[in-house]
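These notes are about the structure you will find just below.
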Amino acid sequence: MTVLAMLAASAIFAVGCGGDDDDGGDGGGGSGNPVSGDTSPQAKPESEDEAIDRCFEEARKQQGQARETAEAACRAADTGDTDELKDEAKEQCLETARQFDGAARKQAEDACEKATE
């Protein structure tokens with residue numbers, strides 16, 4: 001279950017990870033989340049519980065379906081049950097597919113269905 005927790009936390013923090021942008025020359029840090037406005041470096045979680053807590057903290061910064069999917073990822077990391085995560089990921093995929101028209105929309109919806117079978 002520790003691997004799931006770390007994967008979920010990594011997925012949530014991935015958007016904000018990166019190198020040192022301050023040109024101070026030390027080359028460290030840079031793992032804040034600029035999407036949420038947090039640019040301070042984040043220390044590596046010391047435990048599975050801390051990783052899951054951080055996962056939920058970052059998930060709460062999202063909106064709409066992205067938030068629901070992120071929270072489902074955190075719950076999956078905590079419980080090991082990925083069914084809800086798969087459902088939320090499928091819904092997020094379908095939500096995006098609905099933004100297309102005609103054949104592209106149908107193709108995208110089919111891909112969402114196939115990917116979550």
By salt bridge (charged side-chain N to carboxylate O under 4.0 Å, His left out) - contacts of Glu50 (at least two apart): Arg54
Residues which pass salt bridge (charged side-chain N to carboxylate O under 4.0 Å, His left out) with Glu95, listed by chain and number, not counting sequence neighbours: none
In a check of side chain to side chain donor-acceptor pair (under 3.5 Å) between Asp110 and each of Lys114, Gln107, Lys106, which one passes? Lys106
Charged N to carboxylate O under 4.0 angstrom, Lys90 versus Glu113? yes
Side-chain (Thr69) to main-chain (Glu88) donor-acceptor, under 3.5 angstrom: yes
Just verifying a value: how many Å separate [X] [atom1] and [Y] [atom2], rounded to the nearest 0.5 Å?
{"X": "Cys93", "Y": "Gln65", "atom1": "SG", "atom2": "CD", "value": "10.5 Å"}
{"X": "Arg67", "Y": "Lys61", "atom1": "CZ", "atom2": "NZ", "value": "11.5 Å"}
{"X": "Glu48", "Y": "Asp53", "atom1": "CD", "atom2": "CG", "value": "10.5 Å"}

Which atoms form the tightest heavy-atom contact between [X] and [Y], and what is the distance?
{"X": "Phe100", "Y": "Ala108", "value": "CD1-CB, 4.1 Å"}
{"X": "Cys74", "Y": "Ile52", "value": "O-CG2, 4.2 Å"}
{"X": "Ala97", "Y": "Cys112", "value": "CB-SG, 4.3 Å"}

Test side-chain contact (heavy atoms from CB on, under 4.5 Å) on Gln62 and Glu68 and set out the steps. CA-CA 8 Å; Gln62 307 303 313; Glu68 292 177 32; over 6 Å; no
